[in-house]
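Encoded as structure tokens, the structure appears first; notes follow it.
Start at 1 and go down the list; that is how both ligands and their atoms are numbered.
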Amino acid sequence: MDITNADQYLLSVFQKTGALLEGHFQLTSGLHSPRYLQCALVLQYPEHAEWVGKMLAAHFNNDQISAVVAPAIGGIIVAHETARALGVRALFTERQGDVMTLRRGFRIDEAEKVLVVEDVVTTGGSTRETIDAVTCAGGVVIGAGSMVDRSGGAVDVGVRRVALLTLDVPAYDPADCPLCKQGTPVIKPGSRKQ
Ligand SMILES: [Zn+2]
């Protein structure tokens with residue numbers, strides 16, 4: 001697979017697996033959107049997950065990364081497959097109260113070079129929180145990767161960022177959401193309890 005055609009290929013995989021949903025959705029960030037990308041429907045196929053990991057890893061092959069860290073739950077498989085492709089460890093952070101932390105005995109060495117990945121970037125909030133958790137643990141975050149960037153490339157997380165598929169999908173504050181104004185019921189497909 002040519003890395004330059006990764007976006008078109010991944011979009012076709014989202015369509016083929018029914019992972020690109022149309023309607024009225026509340027995202028993990030709290031914003032509302034007419035489109036939702038259910039990455040788990042792509043990642044349920046190990047061959048697609050493996051491909052995602054290889055494609056993300058290819059951007060960081062020369063960065064001496066020794067661990068990949070993702071926010072649970074959505075990022076875990078992405079981290080696992082990216083780490084497999086790089087031949088390094090895969091860790092994940094979890095929310096403890098309001099704070100994203102490394103639990104389960106996960107450790108980062110002092111100055112260890114880390115890649116942070118997740119499934120979808122919308123506001124970059126989860127990626128930034130994971131970067132903070134890694135930095136607090138002593139690691140140095142070299143870059144951030146995601147399957148999809150639905151901000152149209154607008155999000156800045158303070159490190160080099162790569163997305164396999166960049167889409168400009170509208171995301172509305174609930175107070176200004178045209179779908180809410182139409183009275184369409186909102187669906188919360190994400191994993192985090194609101
Ligand atoms: Zn709405």
Under-2.8 Å protein N/O/S neighbours of the Zn ion (ligand 1), ordered by chain then residue number: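 Near the Zn ion (ligand 1), the protein supplies His24 NE2, His32 ND1, Cys177 SG, Cys180 SG.
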Go through the structure and list residues passing side chain to side chain contact (heavy atoms under 4.5 Å, CB included) with Arg103, not counting sequence neighbours.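 Expected list: Glu94, Gln96, Thr101.
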Excluding sequence neighbours, so at least two apart, what forms side chain to side chain contact (heavy atoms under 4.5 Å, CB included) with Gln182?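 Applying side chain to side chain contact (heavy atoms under 4.5 Å, CB included) to Gln182 gives Leu179, Thr184.
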Got a sec, which residues hit side chain to side chain donor-acceptor pair (under 3.5 Å) with Asp168, two or more places apart in sequence or on another chain?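 Applying side chain to side chain donor-acceptor pair (under 3.5 Å) to Asp168 gives none.
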Short N-O contact, Asp149 and Arg161, less than 4.0 angstrom: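 Answer for the salt bridge query: yes.
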Any heavy-atom pair between the side chains of Arg128 and Val155 that's under 4.5 Å?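 Yes, close enough: below the 4.5 Å cut-off.
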Evaluate the ring planes of Phe106 and Phe92, with Trp represented by its six-membered ring, and classify them as parallel (under 30°), tilted (30 to 60°) or perpendicular (over 60°).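 Perpendicular, since the angle between the ring planes exceeds 60°.
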